Novice: 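Here it is: the structure, laid out below.
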Amino acid sequence: MRRDHSSSLADLAHALARLQPADEATRSAIAAIVLPREQVDETRAPLEAGSIPLPEPAPVAMSPFLPPPPSPPLRQHDSAGDEQEDVPVVVTRLRRPSPSVPKWVEKEPSFLAASHPEIPAPEPAPLLEAGRSRATLSAMLSTHGEDQLNFEAVILRIGRGQALGIPLPLRGVPTLSRGVQLLVDRGEAMLPFHRDATHLEHRLAQLVGAGLELLHFAACPARGCGKGARHQWSPYGPKHFPRPGTRVLCVTDLGLGAAPGGEIPATREEWWRFAMMLRRAGCSVGVLLPYPSERWPSELSRVMELFSWDRTLTVSRAMQGLPQRR
């Protein structure tokens with residue numbers, strides 16, 4: 001099969017461009033391989049003269065695993081030539097756009113004007129049982145009133161055919177008419193029960209009315225008590241004594257709790273002296289404690305009545321000391 005003359009020359013030019021022979025002998029050998037024999041003599045003269053144009057080599061594709069070719073060096077300005085001018089840099093602070101308001105909000109002015117009332121925090125559940133708290137507090141605060149005729153005992157004697165005799169059977173009637181002095185511990189050890197104590201103050205104000213006197217103290221009333229700010233308090237003394245026969249109720253922990261701020265708890269001796277001072281003034285003392293009876297100081301139960309400030313306190317338990325409240 002004969003190949004086209006132009007096609008053979010193109011193959012020869014491509015071979016010379018790829019192999020780049022250095023001498024004439026090599027070029028003649030390449031022509032003898034690529035061209036047919038009858039064209040070798042015709043092509044030898046152009047090869048010697050170098051008249052056959054060599055094609056430009058095709059660009060070689062870069063492999064992704066080879067490093068990129070180095071970039072051309074930057075042309076430096078001649079120091080004696082043009083001077084390099086500084087490019088001014090202007091920093092502009094953009095203003096933050098204001099948030100856009102949906103159009104439907106602007107069409108509803110009542111929606112923007114609506115205000116939700118603040119919901120007050122719920123009152124803490126009373127430590128005493130709610131159903132009988134009034135009766136329990138009344139029994140705990142009542143004192144032995146004037147003796148009245150015991151009609152039940154009189155009818156029982158008559159039914160048995162017994163003489164009534166002298167003196168007639170009498171019984172004391174519990175009363176709140178002598179008033180109540182309430183001493184509430186606002187010390188650091190009683191912080192967990194501050195809201196409960198405030199709730200108890202309101203409850204007793206409704207129960208006793210104008211006969212209630214409220215005083216605050218910290219740790220023990222003998223260290224200071226009063227109605228106003230703490231710096232106005234003074235140690236409990238004769239000027240704080242209620243009239244004889246008034247019931248005194250202390251809401252405190254008797255020094256059983258630990259004060260987080262380093263306040264020194266009251267000692268049992270302090271409370272003993274305080275109770276004896278009131279007993280000599282003709283008043284009975286009761287203490288409402290937020291701790292179980294296993295922790296109570298037993299020696300203090302001889303000079304004051306101790307009550308559990310929880311739902312185990314019953315009306316009958318609160319009435320046990322009534323005969324001694326004179």
Side-chain angles (χ1 to χ4, degrees), residues 126-154 156 167 169-185 193 196-197 199-201 203-209 211-213 220-221 241-256 266 268 271-326:
L127 297 181
L128 301 177
E129 188 174 343
R132 62 186 182 189
S133 62
R134 183 181 180 88
T136 304
L137 292 174
S138 298
M140 185 171 50
L141 299 175
S142 298
T143 57
H144 194 284
E146 296 180 359
D147 293 335
Q148 296 181 1
L149 184 63
N150 189 347
F151 290 99
E152 295 178 358
V154 170
L156 183 60
L170 303 175
R171 67 175 181 180
V173 178
T175 180
L176 292 173
S177 60
R178 296 179 180 177
V180 175
Q181 187 181 67
L182 179 62
L183 297 169
V184 179
D185 191 349
F193 308 100
D196 301 286
H199 179 76
L200 182 64
E201 292 175 5
R203 193 81 175 94
L204 293 182
Q206 298 173 356
L207 179 63
V208 182
L212 178 68
E213 181 185 10
C220 182
F241 289 168
R243 63 178 182 175
T246 302
R247 179 67 164 168
V248 178
L249 179 66
C250 300
V251 181
T252 181
D253 63 349
L254 291 179
L256 299 177
R268 300 178 182 181
W271 280 106
W272 178 278
R273 291 193 297 267
F274 171 77
M276 292 302 298
M277 179 173 52
L278 281 173
R279 285 168 66 93
R280 288 191 292 266
C283 300
S284 60
V285 184
V287 178
L288 200 57
L289 289 121
Y291 293 103
S293 58
E294 293 80 10
R295 300 183 57 185
W296 295 352
S298 57
E299 61 272 19
L300 294 181
S301 61
R302 298 196 296 268
V303 294
M304 58 178 65
E305 292 182 82
L306 306 181
F307 302 98
S308 298
W309 193 11
D310 55 31
R311 300 190 178 186
T312 62
L313 181 60
T314 60
V315 178
S316 60
R317 169 67 185 87
M319 290 285 292
Q320 287 182 1
L322 180 63
Q324 288 76 34
R325 304 173 195 171
R326 297 182 180 275

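Residues take their numbers from the sequence shown, with the count starting at 1. Keep in mind that what you see is a predicted model, and the values were worked out from it rather than measured.
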Novice: Just how far is it from atom CG of Asp253 to atom CG of Leu288, taken to the nearest 0.5 Å?
Specialist: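 Going from the CG atom of Asp253 to the CG atom of Leu288 covers 12.0 Å.
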
Novice: Enter the distance from Leu176:CG to Arg178:CZ here, rounded to the nearest 0.5 Å.
Specialist: 11.0 Å

Novice: Side chains of Leu254 and Leu306: does their closest heavy-atom pair fall under 4.5 Å?
Specialist: yes

Novice: For Tyr291 and Trp296, work out which heavy atoms get closest and say how close.
Specialist: O-NE1, 3.0 Å

Novice: How many angstroms lie between atom CG of Leu141 and atom CZ of Arg247, to the nearest 0.5 angstrom?
Specialist: 7.0 Å

Novice: About how many Å separate CG of Leu278 and SG of Cys283, when rounded to the nearest 0.5 Å?
Specialist: 6.0 Å

Novice: Are side-chain heavy atoms of Leu137 and Val208 found at a separation under 4.5 Å?
Specialist: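 When only atoms from C-beta onward are counted, Val208 and Leu137 do not touch, as no gap falls below 4.5 Å.
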
Novice: Taking all non-hydrogen atoms of both residues into account, name the closest pair between Leu128 and Ser133 and its distance.
Specialist: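 In this case the closest contact between Leu128 and Ser133 is CB-CB, 4.2 Å.
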
Novice: Do Val251 and Asp185 have side chains that approach each other closer than 4.5 Å (heavy atoms only, starting at C-beta)?
Specialist: no

Novice: Could you walk me through whether Leu256 and Leu289 pass side-chain contact (heavy atoms from CB on, under 4.5 Å), step by step?
Specialist: CA-CA 9 Å; Leu256 299 177; Leu289 289 121; 4.2 Å; yes

Novice: Measure the CZ-CD distance between Arg317 and Gln320 for me, rounded to the nearest 0.5 Å.
Specialist: 5.0 Å

Novice: Side-chain contact, heavy-atom cut-off 4.5 Å: Glu201 with Leu182?
Specialist: yes

Novice: With a 4.5 Å heavy-atom cut-off, do Pro126 and His199 have their side chains touching?
Specialist: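 Yes - at least one pair of side-chain heavy atoms lies under 4.5 Å apart.
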
Novice: Can you name the nearest heavy-atom pair linking Met140 to Leu313, along with the distance?
Specialist: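 So the minimum-distance heavy-atom pair works out to SD-CD2, 4.3 Å.
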
Novice: Kindly give the heavy-atom pair with the smallest separation between Ala197 and Trp309, and that separation in Å.
Specialist: N-CH2, 3.8 Å

Novice: Got a second to check how far Leu183's CG is from Thr252's OG1, nearest 0.5 Å?
Specialist: 9.5 Å

Novice: Can you check side-chain contact (heavy atoms from CB on, under 4.5 Å) on Thr314 and Arg132, steps first, answer last?
Specialist: CA-CA 8 Å; Thr314 60; Arg132 62 186 182 189; 3.6 Å; yes

Novice: Is there a side-chain contact between Phe241 and Gln181, using heavy atoms and a 4.5 Å cut-off?
Specialist: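 No. Closest side-chain heavy atoms not under 4.5 Å.
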
Novice: Looking at Cys220 and Trp271, what are the two nearest heavy atoms and their distance?
Specialist: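 So the minimum-distance heavy-atom pair works out to CA-CZ2, 4.0 Å.
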
Novice: What's the shortest heavy-atom distance between Arg325 and Ser142, and which atoms?
Specialist: NH1-O, 2.9 Å

Novice: Check whether Arg268 reaches the backbone of Pro297 with its side chain - one donor and one acceptor, N or O, closer than 3.5 Å.
Specialist: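 Side chain of Arg268 to backbone of Pro297, a donor-acceptor pair under 3.5 Å: no, none is there.
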
Novice: Answer yes when Glu213 and Arg243 have at least one side-chain N-carboxylate O distance shorter than 4.0 Å, and no when they do not.
Specialist: no

